[in-house]
Amino acid sequence: MTGFTTRAVHGAADGKDVHGALRTPVYDTAAFAHESSLDIQMAFEGKKAAHSYSRISNPTVSDFEQRLRLLTGARGVLALASGMAAISNLVLVIAGAGRNIVTSRYLFGNTLSLFQHTLGPWGLETRFVDMTRPDEVAAAIDSNTCALFLEAITNPQLEVADFTALGTIAAEHRVPLVVDTTMVTPYLFPAAKFGVAVEVISSTKYISGGATSIGGAVIDTGVFDWRLLPGLRAWAAKAGPMALLAALRRETFRNLGACLAPHNAYLQSLGLETLSLRIDRSCENALDLARFLDRQPKIVKVNYPGLAESPFHQLARQQFGGRFGGVLTFALADRQSCFTLMDTLGLIRRATNINDNKTLILHPASTLFCEFSAAEKEEMGVTDNLVRLSVGIEDVEDLKVDLLKGLARL
Ligand SMILES: *Cc1c(COP(=O)(O)O)cnc(C)c1O
């Protein structure tokens, strides 16, 4: 098989474009005409592969899905309107009232809010465990567990779990291991190798090519036998190994309507082509900056899995191909120091979002986690003196100059 970047650039081109366009055009259309009544009937019955309506499928979106499938060797890929759409659609298809999801408190804030506040009242139980303690994880799983869910690198704690251990627990208990791989993408993390059943990803981040658009994907790696999950047994009888993707495409995703717009799929495919180059650069910059910040006397602590003193250094090295991601955090004396530093920066922008081409800085406690109580923030390791830096692809020396200017004000 060709290399990752070659596949990312060439995609699954089948040469079928009527004009021979080298890039799949943006099919900005709601519906598609069929040759005959029988054709449209067969398309609706799923007996003939054809696009009918863009909420359900669209050629530009399919091109993006096929590129992701080619890159990951996955069983199937579904692209959606956002990372949150990917997570909510997946959970709605595998979970149900009376079922539980075993996860960590170290979760993207909106994911935590989805589990607890949106789906809790519908009967989903969320069980929190420490993902770095496999015994605790195993003990929380029971016959009503429908997923073991965690993030590849948690944000902003930057915790990395042992995926070999978690994959083994998931296999033993016959529950799907679901990992949000937004921070690493399939370029750094070969999910299937670690027993991950499903990857959910916000393609808004690295994949979009520099924060061009919002998007997400559900990737069925092919690891899990969907006959084992009660909620998907009927779909497995109908669609075999494609049960998860069929249940999404022909029911949950179709009914919820969070489809990816064709124009955004085009932007995301474009971003996918340069994914490896941008990740390499941003990870190199992040490692360089982490070491640089670690030497600054006004910084209390730098958290980055790439630093040898990080408790997650070895696991990150083994699991993410020697790269450590583009996000680091550091602690200053207090909240005011964080604000002063941030307000002094010129090149580095104050913004939410991660894995942009531009370096972005944020104070998580007062923004992403502002709706959580002080006690909840404490449990989530989001302290008031913490700053998050999402490192871009700029010339790293320029970033250092900017940060030194900010530190000089403290
Ligand atoms: C941003 C993000 C999401 C949500 O993705 P959207 O595209 O913003 O909906 C989910 N998980 C992680 C880890 C993220 O960083």
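Quick caveat, the model's predicted, so the values are computed rather than measured. Counting starts at 1 for both ligands and their atoms, in listed order.
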Shortest non-hydrogen pair, Asp384 vs Ala365, comes out as OD1-CB, 3.6 Å
If the plane angle is over 60° it's perpendicular, under 30° parallel, otherwise tilted; pick one for Phe189 and Phe194.
parallel
Flag, side chain of Arg278 to backbone of Asn355, donor-acceptor distance under 3.5 Å:
no
Could you pull out every N or O of ligand 1 that sits under 3.5 Å from a protein N or O, with the distance for each pair?
residue  : atom   : partner : partner atom : Å
ligand 1 : 5 (O)  : Ser202  : OG           : 3.0
ligand 1 : 7 (O)  : Gly83   : N            : 2.8
ligand 1 : 7 (O)  : Ser202  : OG           : 2.8
ligand 1 : 7 (O)  : Thr204  : OG1          : 2.6
ligand 1 : 9 (O)  : Gly83   : N            : 3.1
ligand 1 : 9 (O)  : Met84   : N            : 2.8
ligand 1 : 11 (N) : Asp180  : OD2          : 2.6
ligand 1 : 15 (O) : Lys205  : NZ           : 2.8

Where the side chain of Arg7 meets the backbone of Leu71, is there a donor-acceptor pair that is under 3.5 Å apart?
yes
Please work out whether the ring planes of His313 and Phe324 are parallel, tilted or perpendicular, with thresholds of 30° and 60°.
parallel
For residues 329-380, pull every pair meeting ring-ring contact (aromatic ring centres under 6.0 Å, His included), keeping only residues two or more places apart or in separate chains.
Phe339-His363, Phe369-Phe372
